Amino acid sequence: QQQVKQSPQSLIVQKGGISIINCAYENTAFDYFPWYQQFPGKGPALLIAIRPDVSEKKEGRFTISFNKSAKQFSLHIMDSQPGDSATYFCAASGAGRRALTFGSGTRLQVQP
Amino acid sequence: DSGVTQTPKHLITATGQRVTLRCSPRSGDLSVYWYQQSLDQGLQFLIQYYNGEERAKGNILERFSAQQFPDLHSELNLSSLELGDSALYFCASSAHPTGGSYEQYFGPGTRLTVT
């Protein structure tokens, strides 16, 4: 019930392309869904987050799409750049508990 | 820079030993979370403190303990260390544990190597 499943495990995209990472959750009590970006040797950095009352949130080149009925959410990175090459984690929290349950991560490589 | 600080950055110790990891949350944040990141287990929640009191426990071993002090910094104590405890340990802070702002900001982590 606490799992968050993330796919794909790794992703290679050409510069200027769209990167798409998907996550699915089981616990319907989750009410906060953030995405984190992590570079090697660094801590996870909050990228963008969504609450289930909206189906989409956009911040610059990053968009979260949320499908409450399917219990799925995804991160879209438009115009992907080599500097976006990092590991991306989806997460979820809720049910009176704010600790984050993380997906397994996606290693994104943007080729120039 | 998230505003969360962690020391030390690296720690190398032997099996059976005890270590203490330190975290200072962002200014004004009352809640501190500890997470462990390992290759096989991914990022896992260990324990949360809010304004000095334990608020939630995750997959924290009995050999591990934590506390949050009046100045809101937190320490994670790991004892009787085993090889499998080698991992990155992150601290995150947030303004409120429930309601309001849910954002958690992570520190740079402490890399623990047990030999």
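Chain naming here is simple, since letters A, B, ... match the order of the sequence lines and numbering starts at 1 in each. Remember, predicted model here, so these are calculated numbers, not experimental data. Just so it is clear, the values below take in all heavy atoms, side chains as well, and ignore hydrogens, waters and symmetry mates.
- Within 6.0 Å of atom CG in Leu39(B), 12 or fewer heavy atoms from other residues, nucleotides or ligands are found, so the atom counts as exposed in its surroundings.
- Around the CZ atom of Arg107(A), the shell of radius 6.0 Å holds no more than 12 heavy atoms that belong to other residues, nucleotides or ligands.
- For the residue pair Arg51(A)/Tyr102(B), the side-chain donor-acceptor check at 3.5 Å is satisfied.
- Each of Leu75(A) and Met78(A) belongs to its own hydrophobic cluster when Ile, Leu, Val, Met, Phe, Trp and Tyr are linked at side-chain heavy-atom distances under 4.5 angstrom.
- Residue Tyr25(A) is not grouped with residue Ile20(A) when hydrophobic side chains (ILVMFWY) are merged at heavy-atom distances under 4.5 angstrom, including chains of intermediate members.
- Using a 4.5 Å cut-off between heavy atoms, Ala49(A) makes no contact with chain B at all.
- One finds the OG1 atom of Thr101(A) at 11.0 Å from the CG atom of Leu43(B) (value rounded to the nearest 0.5 Å).
- The shortest heavy-atom contact between Phe45(B) and Leu100(A) is CB-O, 4.0 Å.
- Tyr33(B) places a side-chain heavy atom less than 4.5 Å from the side chain of Arg98(A).
- There is a path of hydrophobic side-chain contacts, each under 4.5 Å, that joins Tyr88(A) to Phe66(A).
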Chi angles and distances behind the side chain to side chain contact (heavy atoms under 4.5 Å, CB included) call for Tyr32(A), Gln104(B)
CA-CA 11 Å; Tyr32(A) 173 68; Gln104(B) 290 185 30; over 6 Å; no
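- Both Tyr49(B) and Leu76(B) are members of a single hydrophobic cluster when ILVMFWY side chains are connected at heavy-atom separations under 4.5 Å.
- Aromatic ring centres of Tyr36(A) and Phe106(B): separated by under 6.0 Å.
- Within the 3.5 Å criterion, the main-chain N or O of Pro34(A) finds no donor-acceptor partner in the side chain of Glu103(B).
- Using a 4.5 Å heavy-atom threshold, the side chains of Gln38(A) and Gln37(B) count as touching.
- Clustering ILVMFWY residues whenever any of their side-chain heavy atoms sit less than 4.5 angstrom apart, transitively, puts Leu88(B) in the very cluster that holds Phe89(A).
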